[in-house]
*Asks:* 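My questions all concern the structure below.
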There are 2 protein chains.
Amino acid sequence: MQDFEKILENNNVKPTAMRLLVLQFLLNKKVATSLTDVENYFDKSDRTTLYRTLKTFVEKGISHKIDDGTGITKYALCEENCHCEIDNDLHLHFHCTNCNETICITDYKIPRITLPTGYIAENINLVVKGICDKCNKK
Amino acid sequence: MQDFEKILENNNVKPTAMRLLVLQFLLNKKVATSLTDVENYFDKSDRTTLYRTLKTFVEKGISHKIDDGTGITKYALCEENCHCEIDNDLHLHFHCTNCNETICITDYKIPRITLPTGYIAENINLVVKGICDKCNKK
DNA sequence: TTGAAGTATGCAACAGAAGTGCATTATTTT
DNA sequence: AAAATAATGCACTTCTGTTGCATACTTCAA
């Protein structure tokens, strides 16, 4: 409990009840989570509050935003070894078309990309779609 | 004109007036195009018709669908040297955050990705965001 | 400790994109 | 020409993301 509060406070986010719950939820869920996912879990709370909570988390560097190509924004608290949070950093996400989950694959490193002259890369997003580990076993 | 009809017929799509116009539009526009783009261009026609026209093009292999991470589905008829259309093929798209255009970069080849055991890749989507050629010159 | 200022929350509402159902129109086939 | 099939256009729904505004809750200074 104390830990969660520390995470928020360290990032200049006031630890309200809702924020603690959302943080806890994201920490438990290891996969990228959509606003709707969070909404369904906390069916008592308001969409907007959750939306703004997630937005705050992203702004304050607690969570990051993922475009997994499904058209639905995902959020994820990355683990220590995940380099998803900074600018030109590597982003490899796996989206399972069966269970619809988006997983952060931290092992794979994206090689440097040489763009045609004149192009400036600010951000790289690599999404692999297919069948994940769990679904494959079934 | 005949050429356009051939393209459609070769892919088992009946060449209606609307479809020919949309095809022509996509051919002229070298960048990835959203439904709204098409809609704005043909302001007389109905959204649904255009939506279904694009859907048909994708289904019949004339065009392909692009997830460029903006949350808006884009469509593009790729040129001969673009390998965007089949299964495990390379997809490199550049999305310019300035002019908001999504460009198919055919020169860059995506290296084979080794996923953790159990994962099956069906599709790879690599989107680089930044400033494009044209915007850079300005 | 009260009151003001600041922040968070919840409700309502809106915008844009995607998608469906159905009736109408056009095209093809027999 | 009639029947069957396909395309189109309209209306409407759903879902995600987002903003505005009023209310509630904190914090902090007088």
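Throughout, a chain's letter reflects where its sequence line sits, starting with A, and its residues are numbered from 1. All values reported here derive from a predicted model rather than from experimental measurement.
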*Asks:* Below 4.0 angstrom from OP1 or OP2 of C:dG10, is there any side-chain N or O of A:S45?
*Replies:*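 So the side-chain polar atoms of A:S45 do come within 4.0 Å of the phosphate oxygens OP1 or OP2 of C:dG10, strictly under.
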*Asks:* Could you tell me which non-hydrogen atom of B:L77 sits nearest to which non-hydrogen atom of B:S63, and how far apart they are?
*Replies:* CD2-CB, 3.6 Å
*Asks:* Heavy-atom count check: over 12 atoms from other residues, nucleotides or ligands less than 6.0 Å from A:Y41 OH?
*Replies:* no
*Asks:* Is B:T48 close enough to D:dA11 that one of its side-chain N or O atoms is under 4.0 Å from OP1 or OP2 there?
*Replies:* no
*Asks:* Quick one: are A:C132 and A:E101 in side-chain contact, heavy atoms under 4.5 Å?
*Replies:* no
*Asks:* Is any side-chain N of the basic residue among B:K129 and A:E122 closer than 4.0 Å to the acidic one's carboxylate O?
*Replies:* no
*Asks:* Let me know the distance between CD of B:E39 and P of C:dA18, rounded to the nearest Å.
*Replies:* 10 Å
*Asks:* Roughly, in whole Å, what's the span from CD in B:E59 to P in D:dA7?
*Replies:* 11 Å
*Asks:* Heavy atoms only, 4.0 Å cut-off, all strands: where does B:R52 land among base, sugar-phosphate and nothing?
*Replies:*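 The answer is base, as B:R52 lies within the cut-off (heavy atoms under 4.0 Å) of a base atom.
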*Asks:* Without decimals, in angstroms, what is the distance between A:K55 NZ and C:dA8 P?
*Replies:* 13 Å
*Asks:* Identify whether any heavy atom of B:R47 sits under 4.0 Å from a base atom; if not, whether one sits that close to sugar-phosphate; answer base, sugar-phosphate or nothing.
*Replies:*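 Counting heavy atoms under 4.0 Å across all strands, the contact made by B:R47 includes a base.
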*Asks:* Give the rounded distance in Å between these two atoms: CG of B:L54 and P of D:dT8.
*Replies:*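 Going from CG in B:L54 over to P in D:dT8 covers 12 Å.
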*Asks:* In this structure, how many angstroms lie between the P atom of C:dA26 and the CG atom of B:L20, rounded?
*Replies:* 17 Å
*Asks:* Mind calculating the distance between CZ (A:F42) and C1' (C:dG10) to the nearest angstrom?
*Replies:*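 Value for this atom pair: 16 Å.
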*Asks:* Between C:dT27 atom P and B:R19 atom CZ, what is the distance in whole Å?
*Replies:*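 To the nearest whole Å, that distance equals 12 Å.
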*Asks:* Does B:T73 have a side-chain nitrogen or oxygen under 4.0 Å from the phosphate oxygens OP1 or OP2 of C:dA18?
*Replies:* yes
*Asks:* Measure CG/A:D46 against P/D:dT18 and give the value in whole Å, please.
*Replies:* 15 Å
*Asks:* Base, sugar-phosphate, or nothing: which does B:T49 touch, judged by heavy atoms less than 4.0 Å apart?
*Replies:*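 Contact class for B:T49: base.
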*Asks:* For A:S34 and B:M18, take the nucleotide of DNA chain D holding the closest heavy atom to each; which residue's nucleotide lies nearer the 5' end?
*Replies:* B:M18
*Asks:* Please tell me which of B:I72 and B:K14 maps to the more 5' nucleotide of DNA chain C, matching each residue to the nucleotide holding its nearest heavy atom.
*Replies:* B:I72
*Asks:* Does a nitrogen or oxygen in the side chain of A:Y51 sit under 4.0 Å from OP1 or OP2 of D:dT18?
*Replies:*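 So the side-chain polar atoms of A:Y51 do come within 4.0 Å of the phosphate oxygens OP1 or OP2 of D:dT18, strictly under.
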*Asks:* Hydrophobic clusters here meaning ILVMFWY residues chained together by side-chain heavy-atom distances under 4.5 Å, can you tell me if B:L115 and B:I120 are in one?
*Replies:* no
*Asks:* Does C:dA17 have OP1 or OP2 under 4.0 Å away from a side-chain N or O of B:T36?
*Replies:* yes
